[in-house]
Asker: 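Please find one structure pasted underneath; my questions will follow.
The figures here come from the full heavy-atom set of this structure, side chains too, leaving out hydrogens, waters and symmetry mates. In what follows, every chain begins at residue 1, and chains take the letters A, B, ... in the order their sequences are listed.
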Amino acid sequence: MTDESYVKIKDVLNGYHKDKEVKMRGWIHRTRSGGKIVFMVIRDATGTLQATVKKGNLPDEEFEDAKKALVESSLILKGTIAEDNRAPGGYELRVDHCNILQFAEVFPIVEDQSPEFLMDKRHLWIRSQKLNAVFKIRSTVVGAIHSFFRTNGFYEFDAPVLQPNQCEGGSTLFEVKYYENKTYLSQTWQLYAEAAIFSLEKIYNVGPTFRAEKSKTSRHLSEFWMAEMEAAWLNLHDLTEIAKDEVKYILKEVLKHNQNELETLNQDIEKLTHIANNSFPTISYDEALSILKDKENMNVEWGKDLRTIEEAKLMNHFDTPIIVTHYPLEIMAFYKPADPDRPDTALCFDMLAPDGYGEIVGGSERSTDLEYMKNRLREQGENIENYDWYFDLRRFGSVPHGGYGLGVERLVSWICKLENIKDAIPFPRTLTRFSP
RNA sequence: GCCGUCCUAGCUCAGUUGGUGGAGCACUCGGCUGUUAACCGAGCGGUCGCCGGUUCGAGUCCGGCGGACGGCGCCA
């Protein structure tokens, strides 16, 4: 698949090619030159390595090329790997052939960068060590989601991205011209998933979700990836336990495969390991309100959703993610059923991450009561006719079922300790930015 | 929708009471055979976001507009 005659930097740093003559290829990450010596830090997908180019050890014209090549020039090098404690990482390549594939123009990103500038140059900034590490972890996270559900008997099931109706709240849809009509970008996979469980029973999906919310915060994207599951015969307790298992499994996979990346990002590996190996508590909305009142002196009126600040204060008292169940029914979407034992609350839950990363999972049992759902939709001013096919699901062999959605970027942000969710996705789309 | 901060060289920023716009980095040239965000010397580099106003004179004061970023609400 790849040319094995070229060695990777990670292997060099692990000592595999010591004193060997090797071929390497990559890009110039940093370069500084003396009169007759050039120090280049070269970069490939696996890491960075110092290469020393000394005049006399290679043809003169190749030395001159090495001297004038700017940052991000692509190149092929031949030379010997030497252990040398003067080199960062302890190893360096002593070059005897330098072939510059393309002399890069002046790279616009230098030492001082503002977030806005880096966002404008996102197509170049994704080469940075930080984003390289984040996207390696993101790859592990998404891979872990697939393997978690597949090994637990779930089928991957895909829903259309273009959807004629909405699921929750009307004002947050992206409208799309669809021939002579209009349709909307997917806000959730859920309604289609609810149709599919009558065939496959246990399903999941990872895919893009679009919300035209006018949220300008470090936790919101207009286009983000949601990992959703839906299954027949599950109750609220089952759902919360699966969600906990899933998040712990993802964490363990990241800890297994991405130690270097977590270090690059200055994440606390011990803390994450502790979280991955401990149980996540489940509390009710009522208990959350008590904690806020008793320990934070914050009075939240019963019936109000927990706001960002309240979630953060609540999480001061936990060092793992927690599940909060039984939010007030009134503020919940039409498909969430009331708890028969506590009819003013819904059979729903959120998972909150520590350290202010907020809601990473949201889910619920789904109502099987057709009239109840119709009434809730009418109260919210929705046109019931749009949901006719969905209501069919309650007319033909309806069963108890439920599901949840996990925000991939929210999870990645927390695991990578990112300041802004925009760095958890390669090319972020927000209220004000849809380019590059 | 509401609130706040910011906008000066390619980048990051300084700019005093209103009086001929600066630094560092990047880049170019010169020097240096072990640098670690290399260093030393020189050079190149400007529609001070836009429009209007006050003033002899505006980067600076006033008004409007635009853009970016963040917070709240809402959500994953």
Side-chain angles (χ1 to χ4, degrees), chain A residues 29-41 48-57 63 67-68 70-72 82 84-90 92 94 104-121 124-125 167-172 187-190 206-228 243 304-312 327 331-333 349-353 356-363 404-414 419-422 424-425 430-433:
Chain A
H29 183 62
R30 300 278 184 269
T31 178
R32 33 184 184 271
S33 60
K36 291 174 182 165
I37 186 166
V38 180
F39 296 96
M40 290 175 177
V41 177
T48 59
L49 178 75
Q50 175 165 289
T52 55
V53 188
K54 287 184 183 178
K55 192 175 167 105
N57 290 353
F63 177 80
K67 204 169 169 179
K68 75 180 186 200
L70 301 180
V71 166
E72 289 304 317
D84 193 321
N85 57 21
R86 292 171 296 184
E92 67 179 18
R94 294 185 179 156
E105 295 178 21
V106 178
F107 200 62
I109 303 174
V110 292
E111 78 185 52
D112 295 309
Q113 311 106 354
S114 62
E116 301 95 304
F117 183 72
L118 293 179
M119 214 51 82
D120 289 339
K121 303 293 181 192
L124 301 175
W125 183 235
C167 186
E168 33 200 322
S171 59
T172 63
Q187 226 180 9
T188 175
W189 163 91
Q190 181 193 325
V206 186
T209 295
F210 305 88
R211 304 235 173 130
E213 290 163 3
K214 298 200 168 167
S215 303
K216 290 195 281 186
T217 80
S218 56
R219 300 178 309 283
H220 285 86
L221 293 164
S222 301
E223 175 182 328
F224 65 97
W225 284 62
M226 190 146 69
E228 296 179 86
K304 299 276 185 193
D305 207 351
L306 295 180
R307 296 179 302 164
T308 308
I309 178 69
E310 288 144 6
E311 287 177 356
Y327 284 83
I331 54 174
M332 291 289 124
F349 75 98
D350 280 347
M351 186 187 291
L352 308 180
Y357 285 92
E359 300 169 28
I360 53 175
V361 177
Y404 63 78
L406 177 153
V408 171
E409 289 78 13
R410 291 253 176 107
L411 182 65
V412 170
S413 291
W414 169 53
E419 282 179 17
N420 196 305
I421 198 169
K422 293 196 202 85
I425 189 166
T430 67
L431 186 57
T432 54
R433 183 177 288 278

Asker: Can you tell me if the side-chain N/O atoms of Thr308(A) get under 4.0 Å from OP1 or OP2 in G73(B)?
Answerer: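 Yes.
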
Asker: Using a 4.0 Å cut-off on protein heavy atoms (strictly under), produce a 5'-to-3' string for nucleotides 1-6 of chain B with B for base contact, S for backbone-only sugar-phosphate contact, and - for none.
Answerer: B-----

Asker: Got a donor-acceptor contact below 3.5 angstrom from the Thr217(A) side chain to the Arg219(A) backbone?
Answerer: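 Indeed, once roles are kept as given, a pair shorter than 3.5 Å links the two residues.
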
Asker: Establish whether the base of U35(B) is bridged to the side chain of Gln50(A) by a donor-acceptor pair shorter than 3.5 Å.
Answerer: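 For Gln50(A), whose side chain was compared with the base of U35(B), there is a donor-acceptor pair (under 3.5 Å).
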
Asker: Kindly point out which of C72(B), U12(B), C75(B) is positioned nearest to the side chain of Glu213(A)?
Answerer: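 Comparing C72(B), U12(B), C75(B) against the side chain of Glu213(A), the answer is C75(B).
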
Asker: Please report the distance separating the P of G15(B) from the corresponding atom of G49(B), rounded so that it comes out in whole Å.
Answerer: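 Each nucleotide's P atom is 15 Å from the other's.
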
Asker: Is G1(B) paired to anything, Watson-Crick or G-U wobble with both distances less than 3.5 Å, and if yes, which nucleotide?
Answerer: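 Looking at the geometry, G1(B) pairs with C72(B).
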
Asker: Could you check which of G73(B), A76(B), G10(B) has an atom nearest any side-chain atom of Glu359(A)?
Answerer: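 My answer, after comparing the listed nucleotides, is A76(B).
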
Asker: Just the rounded figure in Å: distance from P of C74(B) to CZ of Arg211(A).
Answerer: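 After rounding, the reported distance stands at 14 Å.
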
Asker: With respect to the side chain of Arg410(A), which nucleotide from A76(B), C72(B), C11(B) is positioned closest?
Answerer: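 That would be A76(B).
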
Asker: Of the candidate nucleotides C69(B), C25(B), C72(B), which contains the atom at the shortest distance from the side chain of Val110(A)?
Answerer: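 Nearest to the side-chain atoms of Val110(A), counting from C-beta on, is C25(B).
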
Asker: In Watson-Crick or G-U wobble terms, both distances under 3.5 Å, what is the partner of A23(B)?
Answerer: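 Because both required distances fall under 3.5 Å, A23(B) counts as paired with U12(B).
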
Asker: Can you tell me the pairing partner of U55(B) across any strand shown, Watson-Crick or G-U wobble, with both distances under 3.5 angstrom?
Answerer: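 Checking every strand shown, U55(B) finds no partner, since no pair has both distances under 3.5 Å.
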
Asker: So does Lys422(A) get a side-chain nitrogen or oxygen closer than 4.0 Å to the phosphate oxygens (OP1/OP2) of G70(B)?
Answerer: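 Checking Lys422(A) against G70(B): at least one side-chain N or O falls below 4.0 Å of OP1 or OP2.
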
Asker: Using atom NZ of Lys121(A) as one end and atom C1' of A26(B) as the other, report the distance to the nearest whole Å.
Answerer: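 Spelled out: NZ on Lys121(A) to C1' on A26(B) is 14 Å.
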
Asker: Sub-3.5 Å donor-acceptor pair from the side chain of Lys67(A) to the main-chain atoms of Gly35(A), do we have one?
Answerer: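 The answer is yes, because a donor-acceptor pair under 3.5 Å joins these two groups.
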
Asker: Can you check whether Ala87(A)'s main-chain N or O pairs, donor with acceptor, with Gln50(A)'s side chain at less than 3.5 Å?
Answerer: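 Absent.
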
Asker: Choose from U33(B), A76(B), C69(B) the nucleotide whose nearest atom is closest to any side-chain atom of Lys36(A).
Answerer: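 When the side chain of Lys36(A) is considered, U33(B) is the closest of U33(B), A76(B), C69(B).
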
Asker: Taking the side chain of Thr432(A) as its heavy atoms from C-beta onward, which of A68(B), G10(B), G34(B) lies nearest to it?
Answerer: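 Minimum distance to the Thr432(A) side chain belongs to A68(B).
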
Asker: Could you tell me the Watson-Crick or G-U partner of G49(B), where both distances fall under 3.5 Å? Say none if there is no partner.
Answerer: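 Check on G49(B): paired to C65(B), both distances under 3.5 Å.
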
Asker: Tell which nucleotide pairs with U28(B), taking only Watson-Crick or G-U wobble pairs whose two distances are both under 3.5 angstrom.
Answerer: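 A42(B) is the nucleotide pairing with U28(B).
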
Asker: Does Arg307(A) place a side-chain N or O at less than 4.0 Å from the phosphate oxygens OP1/OP2 of C74(B)?
Answerer: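 Answer is no, no contact under 4.0 Å.
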
Asker: Taking only the side-chain nitrogens and oxygens of Thr172(A), find out if one of them lies under 4.0 Å from OP1 or OP2 of C75(B).
Answerer: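 Thr172(A) to C75(B) OP1/OP2: no side-chain N or O under 4.0 Å.
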
Asker: Can you check whether Phe39(A) stacks with the G34(B) base, using ring centres under 5.5 Å and planes within 30°?
Answerer: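 Not stacked: fails the 5.5 Å / 30° test.
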
